[in-house]
Amino acid sequence: SKLSSHIPVHIVEDHNEALEHIYRAIGSKTLTFSDICMLHLDSHPDLLLPNIPADLIFDKDVLLDSVSIADCRDWILPAVYAGHLGCIVWIKPQWADQMQDGVYKL
């Protein structure tokens, strides 16, 4: 498959809206299906789990509805669980202390 050499940048207000752009880019083959490295610029890690059964993570419409209803802290890990994200680089302000700086295995 031929991937695009240009990756669009999307800036969203509601964090969970980013997941929609990621899935659209995967569907259009702008991004690979798996092992995507995501750059996350935020003061919060957004790494909670959504309140849906694990098997529904693979139903894109249910997933997008679930994370859009939530408080937008639970939209990244479903893409990890589905195998899309293999790397997350979280750029945060120095005062953000929810997680210690370091390298964590997904």
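Side chains included, hydrogens not; waters and symmetry mates left out as well; all remaining heavy atoms used.
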Test side chain to side chain contact (heavy atoms under 4.5 Å, CB included) applied to [X] - qualifying residues, sequence neighbours left out:
X	value
Ser34	none
Leu19	Tyr23, Leu63, Leu64, Val67, Trp75, Ala79
Leu49	Leu77

## Note on the structure
Here the salt bridge (Lys or Arg N to Asp or Glu O under 4.0 Å) pairs for residues 77-100, sequence neighbours left out, are Lys92-Asp101

### Task
Any pair with a residue in residues 8-28 that passes salt bridge (Lys or Arg N to Asp or Glu O under 4.0 Å), sequence neighbours left out, goes on the list, sorted by first then second residue, please.
Glu20-Arg24

Close side-chain approach of [X] and [Y], heavy atoms under 4.5 Å:
X	Y	result
Val62	Ile57	no
Trp90	Gln98	yes
Val80	Ile88	yes

### Hydrophobic cluster partners of Leu41 (side-chain heavy atoms under 4.5 Å)
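Result for Leu41 is Leu39, Val89, Ile91.
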
### Message
Counting only heavy atoms from other residues, nucleotides and ligands, does the tally under 6.0 Å from CZ of Phe58 exceed 12?
### Response
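It does: Phe58 CZ has more than 12 such atoms within range.
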
### Query
Under a single-linkage definition using a 4.5 Å side-chain heavy-atom cutoff for Ile, Leu, Val, Met, Phe, Trp and Tyr, are Val9 and Ile22 assigned to the same hydrophobic cluster?
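Cluster IDs for Val9 and Ile22 differ.
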
### Task
Determine, using the 4.5 Å side-chain heavy-atom cutoff (strictly less than), whether Val12 and Leu31 are members of one ILVMFWY cluster.
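Different hydrophobic clusters.
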
### Task
Over all heavy atoms of both residues, which pair between Ser43 and Ala96 is shortest? Give the atoms and the distance, please.
O-CB, 3.3 Å

#### Entry: For His84, all residues meeting side chain to side chain donor-acceptor pair (under 3.5 Å), sequence neighbours excluded
none

### Task
Would you please name every residue forming a side chain to side chain donor-acceptor pair (under 3.5 Å) with Asp35, sequence neighbours left out?
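So Asp35 forms no side chain to side chain donor-acceptor pair (under 3.5 Å) with any residue.
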
### Task
Drop me the distance from His21's NE2 to Ile26's CD1, to the nearest 0.5 angstrom.
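Those atoms lie 13.0 Å apart.
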
#### Entry: Test ring-ring contact (aromatic ring centres under 6.0 Å, His included) applied to His44 - qualifying residues, sequence neighbours left out
none

### Message
Applying side-chain hydrogen bond (donor to acceptor under 3.5 Å, both in side chains) as the test, list every pair that has at least one member in residues 51-62; sequence neighbours left out.
### Response
none

